[in-house]
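Chain identifiers are assigned alphabetically (A, B, ...) following the order of the sequence lines, protein sequences preceding nucleic acid strands; residue numbering begins at 1 within each chain.
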Amino acid sequence: MPFNFPKKEKLKSKKLIEQLFVKGKSISSYPIKLIYLKVELPIDVPIQAGVTVPKKNFKSAVKRNRIKRLLRESYRLNKAVVFNNREGTFAFLFLYLGKEMPTAQQVGAQMKSVLEKFNKKISHE
RNA sequence: UUAGCAGGUCUCCCUAUCGCGAUGACUAUAAACGUUAGCGAGGAAAGUCCGGACACCAUAGUGCAACAUAGCGGGUAACACCCGUCGUCACGUCUCGGCGUGAUAGGACAAGUGCAGCAGAAAGAAUGUACAGGUAAUGCUGUAGUGAAAUCAGGUAAACUCUAUGUGGUGAAACGUCAUGUAAAUCGAUGUUUGAGGGUAGCACGCCCAAAUCGAAGGGUAGGCGGUUUGAGUCUUUGGGCAAUCAAAGAUCUAGAUAAAUGAUAGGGAUUCGUUGAACGAAUACAGAAUCCGGCUUAUGACCUGCUUUUUAA
């Protein structure tokens, strides 16, 4: 399992994102919230993921960029957790709900926990 | 030493590991995957306040209106920007002629309209004090008095106004093109009459629109590709010019994403701060390209040069 995050694993379709907000289920591990949906993906990959930081909480574009990069980085390092035991394909969207700048360690820990919660929930269904 | 002003330079650096984006090569009809190479945010990328390039639209034209600009000269693709200069104002200096620094929406009161603190009877369609003169009679005349200015006029246009010059609108989600594919809804051509009605930036004129026939393709799917980065480019030298800046020669190619790349971790170094040295710790501004340029404005760290002023110490 390589620790990479290529372009085809990024959630880009605006249609899918719309669907996520309408039908998606969510899990949160503050300050990270994961919205997910089991869907057919246009390309043959297990999961497509995107990140977003609301403009309301962070007015500065530099800070929003920083958090999005941290989210992407931590997903890249921890995605093996969900890639290994999944059935079907999913669309993910990570939301950052906090109002303070996090450190890389904090984001990493919460990312791990939210992905583990996702695994538990999926195995119960 | 501290503060201020003006100008200039830069925007922490290095190594390792793991990643991201587009491009070239391997590479072939194309795509995908992989390997590899070099490249990958700013001085303001920001605010969107001006000026352009570029694109499309007669719902784009014409007149009025509206809006913008405002000494003079120069620079420029253009400007409300920049440079020079004159006037005015303020401050400083002074040998009282000037000199230095800073500020400046600075055309016109010629036409019409409006406005004006204090003082004053009265600042223009309203009236009068004292003294003197004069008349049939009357502020009719003079002087005094108030004021910058008293039926003699003057001031004011970041007051209406006038003059000169300029301005159509919409903005890359513009616009072009490709693919899938059905109708009465789209476009083009031909074309008829009442020009009623509707549309058109405020108004008027003008213009456009509705039937039918023929031909071709649209909406929607925020689909793909182009536009999209070689340009009023950057650097160096020489020459012209007080300067802004211009010209010539040589060299050079320097981000191109689209739910949006340019990052993360570890180690080392640099600078600053924690009274000094070591050690240790903390901090390293403002801020993220989105069609592209020229300005303005705002945010903001460090260093260098020059000038000025105050305080402290010697």
Side-chain angles (χ1 to χ4, degrees):
Chain A
M1 191 78 228
F3 293 116
N4 62 3
F5 187 33
K7 202 172 183 179
K8 64 180 182 180
E9 284 180 29
K10 287 177 184 165
L11 186 62
K12 286 174 183 291
S13 161
K14 292 188 176 179
K15 237 176 157 180
L16 277 180
I17 294 164
E18 292 272 318
Q19 276 187 45
L20 263 180
F21 279 113
V22 177
K23 300 188 206 159
K25 298 170 187 173
S26 67
I27 302 170
S28 65
S29 172
Y30 188 84
I32 298 174
K33 184 177 182 183
L34 167 64
I35 301 176
Y36 69 95
L37 186 64
K38 190 168 181 174
V39 286
E40 291 289 316
L41 294 175
I43 312 174
D44 182 29
V45 287
I47 294 171
Q48 281 197 328
V51 298
T52 185
V53 180
K55 205 170 186 177
K56 208 170 114 190
N57 293 348
F58 292 91
K59 278 182 83 179
S60 159
V62 172
K63 287 178 183 168
R64 283 202 305 278
N65 254 339
R66 163 85 182 165
I67 294 168
K68 279 152 80 176
R69 280 165 182 164
L70 287 175
L71 285 173
R72 274 201 292 269
E73 186 72 8
S74 59
Y75 173 72
R76 178 174 76 81
L77 295 172
N78 292 303
K79 70 175 186 176
V81 176
V82 284
F83 264 52
N84 289 340
N85 47 0
R86 45 98 201 165
E87 286 174 20
T89 55
F90 290 90
F92 278 13
L93 191 68
F94 295 96
L95 281 157
Y96 187 82
L97 299 175
K99 293 183 180 172
E100 305 290 323
M101 275 304 288
T103 63
Q105 285 83 0
Q106 286 167 0
V107 172
Q110 295 306 319
M111 177 59 74
K112 216 169 181 175
S113 110
V114 81
L115 291 178
E116 278 163 3
K117 281 183 186 175
F118 171 77
N119 268 345
K120 266 188 203 169
K121 214 166 173 184
I122 288 297
S123 57
H124 284 306
E125 279 173 5

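Screening residues 98-112 of chain A for side-chain hydrogen bond (donor to acceptor under 3.5 Å, both in side chains) gives A/Ser29-A/Gln110 as the qualifying pairs, with residues at least two apart or on separate chains. Sorted pairs that involve residues 48-68 of chain A and meet ring pair (Phe, Tyr, Trp, His ring centres under 6.0 Å), not counting sequence neighbours, are lacking altogether.
Between B/rG191 and B/rU200, the distance separating the two P atoms is 29 Å to the nearest Å. Across B/rG92 and B/rA123, the matching C1' atoms stand 40 Å from one another, rounded to whole Å. Comparing B/rA261 with B/rA289, their C1' atoms are spaced 11 Å from each other, to the whole Å. As rounded to the nearest Å, B/rA41 and B/rA290 have P atoms that lie 15 Å from one another. If you take atom C1' in B/rC187 and the same atom in B/rC208, they sit 16 Å apart, rounded to whole Å. Using C1' as the reference atom, B/rA159 and B/rA105 are 15 Å apart when rounded to the nearest Å. B/rC67 and B/rA158 have their P atoms separated by 14 Å, with the value rounded to a whole Å. Of the P atoms belonging to B/rG34 and B/rG21, the separation is 11 Å, rounded to the nearest Å.
For residues 54-65 of chain A, proximity to RNA chain B is found at A/Ser60, A/Ala61, A/Val62, A/Asn65, defined as any non-hydrogen atom under 4.0 angstrom from a strand atom.
Applying the Watson-Crick and G-U wobble criteria (two distances, each under 3.5 Å), B/rC94 pairs with nothing in any strand. Shown here, B/rG241 forms no base pair; nothing in the strands shown gives a Watson-Crick or G-U wobble contact with both key distances under 3.5 Å. Checking B/rC20 for Watson-Crick or G-U wobble geometry (two distances, each under 3.5 Å) identifies B/rG40 as its partner. Here B/rA105 sits opposite no nucleotide as a Watson-Crick or G-U wobble pair (both hydrogen-bonding atom distances under 3.5 Å). Nucleotide B/rC12 is matched to B/rG269 when pairs are restricted to Watson-Crick or G-U wobble geometry with both distances under 3.5 angstrom. Here B/rG154 sits opposite no nucleotide as a Watson-Crick or G-U wobble pair (both hydrogen-bonding atom distances under 3.5 Å). Using N1 to N3 plus N6-O4 or O6-N4 for Watson-Crick, or N1-O2 and O6-N3 for G-U wobble, each under 3.5 Å, B/rU186 pairs with B/rA216. The pairing partner recorded for B/rU127 is none, the criterion being a Watson-Crick or G-U wobble arrangement whose two distances lie under 3.5 angstrom.
Comparing A/Arg69 and A/Leu93 along RNA chain B, the residue whose closest nucleotide (by nearest heavy atom) sits nearer the 5' end is A/Leu93. Place A/Leu77 and A/Gln105 on RNA chain B by their nearest nucleotides, and A/Leu77 ends up nearer the 5' end.
Distance from the side chain of A/Ala104 is smallest to B/rU265 among B/rA260, B/rU265, B/rC18.
Taking the syn range as angles within 90° of 0, the glycosidic angle of B/rU238 is outside it, so the base is anti. Taking the O4'-C1'-N9-C4 or O4'-C1'-N1-C2 dihedral as appropriate, B/rA222 has a value within 90° of 0 and is therefore syn. In this entry the base of B/rU76 is anti relative to its sugar, with a glycosidic angle more than 90° from 0.
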Apply side-chain contact (heavy atoms from CB on, under 4.5 Å) to residues A/Ile67 and A/Leu71 and explain how you reach the verdict. CA-CA 6 Å; A/Ile67 294 168; A/Leu71 285 173; 4.2 Å; yes

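Looking at residues two or more places apart in sequence or on another chain, you find no ring-ring contact (aromatic ring centres under 6.0 Å, His included) involving A/Tyr96. Checked against side-chain contact (heavy atoms from CB on, under 4.5 Å), A/Ser28 has the following partners two or more places apart in sequence or in another chain: A/Lys33.
Minimum heavy-atom separation, A/Lys59 to A/Arg64: O-NH1, 3.2 Å. For the residue pair A/Ile32 and A/Val107, the shortest heavy atom distance occurs at CD1-O, 3.9 Å. Closest approach of A/Gly98 and A/Asn57 over heavy atoms only: O-ND2, 3.4 Å. Between A/Ala104 and A/Leu70, the shortest heavy-atom distance links the atoms CB-CD2, 3.9 Å. Scanning all heavy atoms of the two residues, the minimum distance from A/Ile35 to A/Leu95 falls at CD1-CD1, 3.5 Å.
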Distances for protein N or O near nucleotides 15-17 of chain B N or O, under 3.5 Å:
none

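Following rounding to the nearest Å, A/Leu70 (CG) and B/rC18 (C1') show an atom-to-atom distance of 15 Å. If you take CE of A/Met101 and P of B/rA283, they are 14 Å apart, rounded to a whole angstrom. What separates CZ of A/Phe5 from C1' of B/rU265 is a distance of 18 Å, to the nearest Å. Between the P atom of B/rA261 and the NZ atom of A/Lys68 lies a distance of 6 Å, rounded to the nearest Å.
Taking a 6.0 Å sphere around NZ of A/Lys117, one finds it holds more than 12 heavy atoms contributed by other residues, nucleotides or ligands.
Taking only distance into account, the side chain of A/Arg76 never meets the base of B/rC20 through a donor-acceptor pair shorter than 3.5 Å. Donor-acceptor pairing under 3.5 Å, judged by distance alone, is present between the side chain of A/Glu73 and the base of B/rG263.
Classified by interplanar angle (parallel below 30°, tilted 30° to 60°, perpendicular above 60°), the ring pair A/Tyr75/A/Phe94 is tilted.
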